[in-house]
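Have a look at the structure below, then the notes.
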Amino acid sequence: MERPTGVVEHELELNLVLSPEHSVPVPARLSYGSHDPYAVHITFHLDTGSPVTWVFARELLVEGTFRPCGQGDVRIWPTAPQPSAGGTAKGRRSVLCLALSSPAGDALLEAPLPVVAAWLERAHRLVPPGSEMAALDMDGSLADLLA
């Protein structure tokens, strides 16, 4: 079977939640490659000059679009549009919450759920769920390691 090649990326803006009333935008890039078919990469472009990348299981992100999941360093859950003071959710969007924990601190980020779901669909077209092992070039990786 021929190994699929390619990368699916998407630039988007997440919101870093500082308090229930205040958040700040954080530019980020979602990345998925057939060379690493089990993982997704989220790179945050911070004002520090050095981007920060988190890597975790693609399946965790998929599950998190439907229900709360994860434990420890990465937790993900969807939220439905909340009614406004007028009692309607019109104009509000569904978000995907990402809680990230590291020795440097904790962060709660919100991503637009429809954007993440559409990007995941593209990643699934590149490497369909369940075919990740076929996408791995174990012989090539072993040869590179032993060279």
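Counting all heavy atoms, side chain and backbone alike, V116 lies closest to A111 at CG2-CB, 3.8 Å. For I42 against F44, the heavy-atom pair with the smallest separation is CG2-CZ, 3.4 Å. Taking all atoms of both residues into account, the shortest heavy-atom contact from S34 to V127 is CB-CG2, 3.8 Å. Residues P37 and Y32 approach most closely at O-OH, 2.7 Å, considering heavy atoms. In terms of heavy-atom proximity, A57 sits nearest to V40 at O-CG2, 4.2 Å. Considering all non-hydrogen atoms of both residues, I76 and G64 come closest at CG2-CA, 3.7 Å.
A search for salt bridge (charged side-chain N to carboxylate O under 4.0 Å, His left out) contacts involving R75 returns nothing, not counting sequence neighbours. Scanning for salt bridge (charged side-chain N to carboxylate O under 4.0 Å, His left out) contacts around R125 gives an empty result, with sequence neighbours left out. By the salt bridge (charged side-chain N to carboxylate O under 4.0 Å, His left out) test, E63 pairs with no residue at all, sequence neighbours left out. Checked against side chain to side chain contact (heavy atoms under 4.5 Å, CB included), P27 has the following partners two or more places apart in sequence or in another chain: H45.
L60 and V55 fall into different hydrophobic clusters, defined by Ile, Leu, Val, Met, Phe, Trp and Tyr side-chain heavy atoms under 4.5 Å apart, directly or through other members. Side-chain heavy atoms closer than 4.5 Å link hydrophobic residues (I, L, V, M, F, W, Y) into clusters, and following such links, possibly through other members, connects L120 to W54. Linking ILVMFWY side-chain heavy atoms closer than 4.5 Å, directly or via other members, places V52 and V26 in a single hydrophobic cluster. L113 and F66 fall within the same hydrophobic cluster, defined by Ile, Leu, Val, Met, Phe, Trp and Tyr side-chain heavy atoms under 4.5 Å apart, directly or through other members.
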In a table with atom names and distances, give each donor-acceptor pair under 3.5 Å that connects a side chain of residues 15-25 to protein atoms at least two apart or in another chain.
| unit_1 | atom_1 | unit_2 | atom_2 | d |
| --- | --- | --- | --- | --- |
| S19 | OG | E21 | N | 3.3 |
| S19 | OG | H22 | N | 3.1 |

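No side-chain heavy atom of T79 sits less than 4.5 Å from a side-chain heavy atom of S94. Side-chain contact between T43 and L30 is absent, with no heavy atoms from C-beta onward closer than 4.5 Å. A 4.5 Å side-chain heavy-atom check between P78 and V95 finds every atom pair outside the cut-off. Side-chain contact between T65 and L96: present, with at least one pair of heavy atoms (C-beta onward) separated by less than 4.5 Å. Side-chain contact between F56 and L98 is present, with heavy atoms from C-beta onward closer than 4.5 Å. Between D73 and L100 the shortest side-chain heavy-atom distance does not fall below 4.5 Å.
Residue pairs meeting the side chain to side chain donor-acceptor pair (under 3.5 Å) criterion with at least one member in residues 98-124, sequence neighbours excluded, are S101-D106.
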Set out, in order, the CA-CA distance, both residues' side-chain angles and the distance that settles side-chain contact (heavy atoms from CB on, under 4.5 Å) for L108 and C97, then state yes or no. CA-CA 7 Å; L108 175 60; C97 297; 4.2 Å; yes

